[in-house]
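Everything numeric here is computed off the predicted structure, so don't read it as measured data.
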Amino acid sequence: MPNIKQAVKRVRQNEAVNAQNTMQKSAMRTAMKKAETALQNNDEHANELLKDAVQKLDKAANKGLIHKNTAARQKSRLTKKAQ
């Protein structure tokens with residue numbers, strides 16, 4: 001544990017940001033899995049789930065949680081399954 005006040009604050013901030021990033025990344029993965037299973041089962045809500053997954057992928061890419069090309073690839077694969 002750091003002794004300097006500024007370093008202690010930085011540790012606290014890093015923990016908070018890490019928790020936020022983890023939650024957002026987890027929500028993105030969950031949305032992708034839900035959309036994928038809905039598309040496989042020809043669910044009636046598949047398009048809504050797909051839209052939600054795409055939004056979460058875009059948000060994660062904009063925040064730097066995942067690379068923009070990774071987001072584009074995953075969105076492409078999901079929309080390909082929708083057709």
Side-chain angles (χ1 to χ4, degrees):
M1 191 68 184
N3 294 324
I4 300 169
K5 187 177 179 183
Q6 180 182 5
V8 172
K9 182 178 178 181
R10 183 40 86 193
V11 167
R12 270 197 330 265
Q13 287 176 330
N14 285 339
E15 286 174 355
V17 169
N18 188 14
Q20 232 174 1
N21 288 344
T22 304
M23 276 185 7
Q24 190 172 2
K25 212 167 185 180
S26 175
M28 177 197 70
R29 289 189 190 117
T30 304
M32 286 177 48
K33 286 179 186 175
K34 282 184 180 179
E36 197 167 340
T37 54
L39 289 169
Q40 284 178 349
N41 298 333
N42 293 326
D43 192 14
E44 57 205 33
H45 302 294
N47 286 333
E48 296 168 20
L49 293 171
L50 176 66
K51 187 177 178 184
D52 183 47
V54 168
Q55 283 178 337
K56 292 204 171 152
L57 280 165
D58 284 335
K59 197 168 195 176
N62 285 337
K63 288 189 172 261
L65 295 177
I66 59 173
H67 196 272
K68 64 176 186 166
N69 290 349
T70 303
R73 182 181 66 244
Q74 291 173 343
K75 286 190 302 186
S76 175
R77 287 178 180 169
L78 280 174
T79 53
K80 197 176 192 182
K81 289 177 184 177
Q83 293 172 352

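The side chain to side chain donor-acceptor pair (under 3.5 Å) check on Glu15 picks up nothing, with sequence neighbours excluded. Evaluation of the side-chain contact (heavy atoms from CB on, under 4.5 Å) rule for Arg77 yields Arg73 as partners, not counting sequence neighbours. By the side-chain contact (heavy atoms from CB on, under 4.5 Å) test, Lys81 pairs with Glu36, Leu39, sequence neighbours left out. Checked against side chain to side chain donor-acceptor pair (under 3.5 Å), Asn62 has no partners two or more places apart in sequence or in another chain.
Taking NZ from Lys33 and CZ from Arg29, the interatomic distance works out to 7.5 Å, rounded to the nearest 0.5 Å. The OG1 atom of Thr30 sits 12.0 Å away from atom CG of Leu49, with the distance rounded to the nearest 0.5 Å.
The hydrophobic cluster containing Leu50 also contains Ile66, counting ILVMFWY residues as joined when their side-chain heavy atoms lie under 4.5 angstrom apart, directly or transitively.
Thr79 places a side-chain N or O within donor-acceptor distance of the main-chain N or O of Lys75, the cut-off being under 3.5 Å. Using modelled atom types, no side-chain atom of Asn18 and backbone atom of Asn14 make a donor-acceptor pair closer than 3.5 Å. For Ser76 (side chain) and Ala72 (main-chain N/O), no donor-acceptor pair under 3.5 Å exists by modelled atom type.
Applying side chain to side chain contact (heavy atoms under 4.5 Å, CB included) to Lys56 and the options Met28, Lys25, Met32, Gln24 leaves one that passes, Met28.
Ala31 and Ala53 get closest at one heavy-atom pair: O-CB, 3.8 Å.
Annotation: side chain to side chain donor-acceptor pair (under 3.5 Å) contacts involving residues 42-52, sequence neighbours excluded, are absent.
A 6.0 Å sphere centred on CD of Gln6 holds no more than 12 heavy atoms belonging to other residues, nucleotides or ligands.
Counting side-chain heavy-atom gaps under 4.5 Å among Ile, Leu, Val, Met, Phe, Trp and Tyr, the cluster of Val8 also holds Met1.
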